[in-house]
Student: 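Dropping the structure in here first, questions after.
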2 protein chains.
Amino acid sequence: MTHPLRIDDEECRRLAGVMEIIGKRWSSGIFLAIGRGAERFTEIEQRVEGLSARMLSVRLRELEAAGLVARTVEPTTPVSIYYRLTDRGAELLRSLQPMAHYARRWEPPLTR
Amino acid sequence: MTHPLRIDDEECRRLAGVMEIIGKRWSSGIFLAIGRGAERFTEIEQRVEGLSARMLSVRLRELEAAGLVARTVEPTTPVSIYYRLTDRGAELLRSLQPMAHYARRWEPPLTR
DNA sequence: CTGGATCCCTATCGATACTG
DNA sequence: CAGTATCGATAGGGATCCAG
């Protein structure tokens with residue numbers, strides 16, 4: 001070993017990888033909303049303040065592609081579409097809880 | 001209550017606020033690096049693969065403005081500059097650990 | 001209801017060059 | 001060593017309209 005406080009570059013890269021997905025604007029809010037029970041497109045849209053349908057659509061596809069969210073089509077008339085977390089997504093949600101908790105105490109950012 | 005799984009809009013907003021800071025490109029890597037002991041500008045730059053001096057400079061100012069990182073000037077010749085986490089930053093780092101751990105097991109994203 | 005397609009402006013970022 | 005200034009390319013994102 002070189003020294004006791006070694007930086008794990010691999011971990012940095014991987015964290016950055018996860019961040020590139022849920023760190024994008026709206027992503028964490030959408031992810032949290034789904035994780036907390038919002039299943040329908042409109043429901044999620046209303047839940048996250050300021051979110052437009054377009055961005056919700058874009059982000060949902062990204063979250064799907066990342067394997068964090070699953071899209072289910074119910075053959076009703078008209079069809080109903082449901083979003084929910086995958087196992088992988090649920091795992092991420094759990095690892096995100098401490099941050100969400102930390103965020104609760106986040107005082108009005110010092111600047112701006 | 002409406003239902004057991006209530007969405008906390010305030011929490012969503014606050015998490016989004018924190019994410020807007022450390023979710024940006026390079027931010028989490030830089031933040032992790034400092035949290036793990038990288039103190040000097042050049043040290044951080046080398047630690048985070050692909051990071052340019054310009055982006056490091058920009059991100060450091062953002063992290064400083066957010067009160068997560070402190071910049072210290074040692075009156076040596078020439079002056080030495082050190083970056084380290086504030087208490088607030090250290091707290092965030094702790095809340096980030098589960099995600100960093102989750103990220104370690106993040107398999108090559110399923111798509112693309 | 002659940003989005004996709006377009007337009008268009010803005011923010012972001014990498015590369016490069018330069019300074020105290 | 002520790003940054004800043006500038007520039008051009010590109011990605012992000014809001015508004016709007018349209019469709020299955």
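Below, chains carry the letters A, B, ... as their sequence lines are ordered, and counting in each starts from 1.
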Student: Among B:Glu43, B:Arg40, B:Glu39, B:Arg71, which one satisfies side chain to side chain donor-acceptor pair (under 3.5 Å) with B:Tyr83?
Tutor: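 Option passing the side chain to side chain donor-acceptor pair (under 3.5 Å) with B:Tyr83: B:Arg71.
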Student: For the side chain of A:Ser57, counting heavy atoms from C-beta on, which of C:dG14, D:dG14, C:dG4 is nearest?
Tutor: C:dG4
Student: Can you tell me the distance, in whole Å, between the CG atom of B:Leu51 and the C1' atom of D:dA2?
Tutor: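 Distance check: B:Leu51 CG to D:dA2 C1' gives 13 Å.
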Student: Can you find a side chain N or O atom of A:Thr42 that sits less than 4.0 Å from OP1 or OP2 on C:dT2?
Tutor: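 Result: yes.
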Student: In whole angstrom, give the distance that lies between atom CG of B:Leu56 and atom C1' of D:dG3.
Tutor: 9 Å
Student: So, taking the atom named CG in B:Leu96 and the one named CG in A:Leu15, what distance separates them when rounded to the nearest 0.5 Å?
Tutor: 5.5 Å
Student: Verify the contact: side-chain N or O of A:Arg25 to OP1 or OP2 of D:dG14, cut-off strictly under 4.0 Å; return yes or no.
Tutor: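 Yes.
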Student: Between B:Glu45 (CD) and C:dG14 (P), how many Å, whole number?
Tutor: 12 Å
Student: With nearest nucleotides of DNA chain C determined for A:Glu43 and B:Val58 from heavy-atom distances, which residue corresponds to the more 5′ nucleotide?
Tutor: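 The residue mapped nearer the 5' terminus is A:Glu43.
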Student: Which residue, B:Arg61 or A:Trp26, contacts DNA chain D at a nucleotide closer to its 5' end, judged by nearest heavy atom?
Tutor: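 Nearest nucleotide further toward 5': that of B:Arg61.
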Student: Indicate the atoms forming the closest heavy-atom contact of A:Val48 with A:Ile30, along with that distance.
Tutor: CG2-N, 4.1 Å
Student: What I want to find out is whether A:Arg59 reaches A:Glu62 closely enough, with some N-O distance under 4.0 Å, to be called a salt bridge.
Tutor: yes
Student: Can you measure A:Lys24 atom NZ to D:dG12 atom P for me and round it to whole angstrom units?
Tutor: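 To the nearest whole Å, that distance equals 5 Å.
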Student: Would you say D:dC1 has OP1 or OP2 under 4.0 Å from some side-chain N or O of B:Tyr82?
Tutor: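 False: B:Tyr82 side-chain N/O out of range (4.0 Å or more) of D:dC1 OP1/OP2.
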Student: Quickly work out the A:Gln46 CD to C:dG3 P distance and round it to whole Å.
Tutor: 14 Å
Student: Nearest whole Å is fine: how far is D:dA19 C1' from A:Phe41 CZ?
Tutor: 14 Å
Student: Please state whether the phosphate of C:dG3, meaning OP1 or OP2, lies under 4.0 angstrom from any side-chain nitrogen or oxygen of A:Arg71.
Tutor: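 Checking A:Arg71 against C:dG3: at least one side-chain N or O falls below 4.0 Å of OP1 or OP2.
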Student: Base, sugar-phosphate alone, or nothing: which one does B:Arg54 contact when heavy atoms must sit under 4.0 Å apart?
Tutor: base
Student: Would you kindly give the CE-to-C1' distance between B:Met55 and C:dT12, to the nearest whole Å?
Tutor: 7 Å
Student: Rounded to whole angstrom units, what separation is found between the OH atom of B:Tyr83 and the P atom of D:dC1?
Tutor: 14 Å
Student: Rounded to the nearest 0.5 Å, how far apart are CD of A:Glu49 and CZ of B:Arg13?
Tutor: 4.5 Å
Student: For a quick test of reading the model: is some side-chain N or O of B:Arg59 closer than 4.0 Å to OP1 or OP2 of C:dC13?
Tutor: yes
Student: Could you check whether A:Arg40 gets within reach of a base, just the sugar-phosphate, or nothing at all, counting any heavy atom under 4.0 Å?
Tutor: sugar-phosphate
